Structures are given as C-alpha cells and as structure tokens.
Amino acid sequence: MKYAHLLSFTLAASLLSTMPVTAQGNQLDDNPSLTYRVGVMVEEISDALTKPNDTESLATISQYGTDSRYYVMIRGWLVQELAGVQSQLDASQTNESNSENKQKFIDKVTFLQRAIRRIDLE
C-alpha cells in the first residue's frame, strides 16, 4: 500500500515537473485546474488498483489509460505493479504460505493483466 502511494506521488511529481516555468518570479505557467485533474486521475487510479474485485476499477483505469496523453504513464504503472505482484505470488508459492494470500495475488495479477490488455486494445 505504501508503495502505491509512493508511486502515485512520484508519477504526479514527474507530471508536474514538466510544466513550463515563466521568467516572472519562476511561478508555474499552467492552468491550476489541469494540475488538479491530473492529481484526481492519479488518486482514482491508485484507488482502483487497491480494489481489483470492484467492477468500477477496470472502468476507471480504462477511462484514463486510453487517453493518449496518459497512456504511457499508466501502462508503465500497471506493468510495474504487475511485476511486483507477480514476484509476491512467486514468493508465496515457494514458501507454501496460506492459500488465501495466494488467491489475492492471483486475483490481482489477473486484474492487472486485464487492465493492460484493455488499454492496449482501445
């Protein structure tokens, strides 16, 4: 969970750092509503990633992931999440841990694969 928030913050910061800076006092020359909308998008995707069994989660990721302005960022985020969850799943299979945790990892891997396919196909 803390990694999701750290990743969310990092992605939002990288988007905000690409905004143009004016010579007038080095203030950002952007529309505050754009900054707000990007922040809302990052938060909604972060929430969707924590609820893989919710039907709205896939729709939320698809809504933002098919926007060509954010496709690369969101797909990269999903791929990194998938790599982390897949690693946890592999570790849980070698450690013979309880099946409830394994099932959560399997569900999350399936969800992330479906999300990546959905934004790739649209």
Side-chain angles (χ1 to χ4, degrees):
M1 181 70 168
K2 70 178 181 178
Y3 294 112
H5 289 295
L6 178 62
L7 184 59
S8 299
F9 176 76
T10 304
L11 291 172
S14 67
L15 280 175
L16 294 176
S17 68
T18 61
M19 299 293 179
V21 176
T22 64
Q24 301 172 354
N26 288 334
Q27 295 187 4
L28 291 177
D29 183 25
D30 71 329
N31 185 351
S33 66
L34 173 64
T35 304
Y36 176 77
R37 287 193 315 254
V38 169
V40 168
M41 175 190 67
V42 168
E43 283 296 318
E44 286 182 9
I45 292 171
S46 180
D47 287 343
L49 290 174
T50 62
K51 303 172 191 166
N53 295 327
D54 187 1
T55 56
E56 290 298 313
S57 295
L58 196 56
T60 299
I61 292 171
S62 178
Q63 172 190 348
Y64 291 116
T66 56
D67 186 332
S68 62
R69 296 172 294 178
Y70 309 117
Y71 167 78
V72 172
M73 177 190 77
I74 293 170
R75 189 179 194 289
W77 185 356
L78 295 174
V79 167
Q80 290 302 310
E81 286 282 328
L82 178 59
V85 175
Q86 186 66 52
S87 175
Q88 290 174 323
L89 176 61
D90 294 344
S92 72
Q93 289 176 349
T94 60
N95 291 336
E96 297 298 326
S97 63
N98 80 37
S99 63
E100 183 178 318
N101 283 339
K102 285 183 190 179
Q103 191 57 47
K104 285 171 34 179
F105 292 139
I106 291 169
D107 292 345
K108 183 94 178 218
V109 165
T110 303
F111 169 76
L112 290 167
Q113 289 171 336
R114 288 177 53 212
I116 292 168
R117 270 195 304 266
R118 168 109 23 121
I119 66 172
D120 283 348
L121 294 175
E122 290 192 26

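What you are looking at is a predicted structure, and each value in this text was computed from that prediction instead of being measured. Numbering starts at 1 and runs along the sequence shown. All heavy atoms count here, side chains included; hydrogens, waters and symmetry mates do not.
Between Y64 and Y70, the shortest heavy-atom contact is O-CB, 4.1 Å.
Looking only at side-chain heavy atoms (C-beta outward), W77 and V42 come within less than 4.5 Å of each other. Within the 4.5 Å cutoff, side-chain heavy atoms of S33 are placed close to those of R37. M41 has its side chain within reach of I74: a pair of non-hydrogen atoms, C-beta onward, lies under 4.5 Å apart. Residues K104 and D107 are not in side-chain contact: their nearest non-hydrogen atoms beyond the backbone lie 4.5 Å or more apart. Using a 4.5 Å cut-off on side-chain heavy atoms (C-beta onward), V85 and F111 make no contact.
The CG atom of L121 lies 11.5 Å from the CD1 atom of I116; values are rounded to the nearest 0.5 Å. With values rounded to the nearest 0.5 angstrom, R75 atom CZ is found 6.5 Å from I119 atom CD1. Rounded to the nearest 0.5 angstrom, S57 OG and I45 CD1 are separated by 11.0 Å. Here the straight-line distance linking atom CD of E81 with atom OG1 of T50 works out to 10.0 Å at 0.5 Å rounding. With values rounded to the nearest 0.5 angstrom, T66 atom OG1 is found 11.5 Å from I61 atom CD1. Here the CG-CZ distance, from L78 to R114, works out to 13.0 Å after rounding to the nearest 0.5 Å.
Partner of K51 under the side-chain contact (heavy atoms from CB on, under 4.5 Å) criterion, out of T55, D54, N53: D54 alone.
Side-chain atoms of S92 come within 3.5 Å of backbone N or O of L89 as a donor-acceptor pair. Side chain of S87 to backbone of A83: no donor-acceptor contact under 3.5 angstrom is found.
Under a cut-off of 6.0 angstrom, the local environment of CD in E56 is sparse, with at most 12 non-hydrogen atoms contributed by other residues, nucleotides or ligands.
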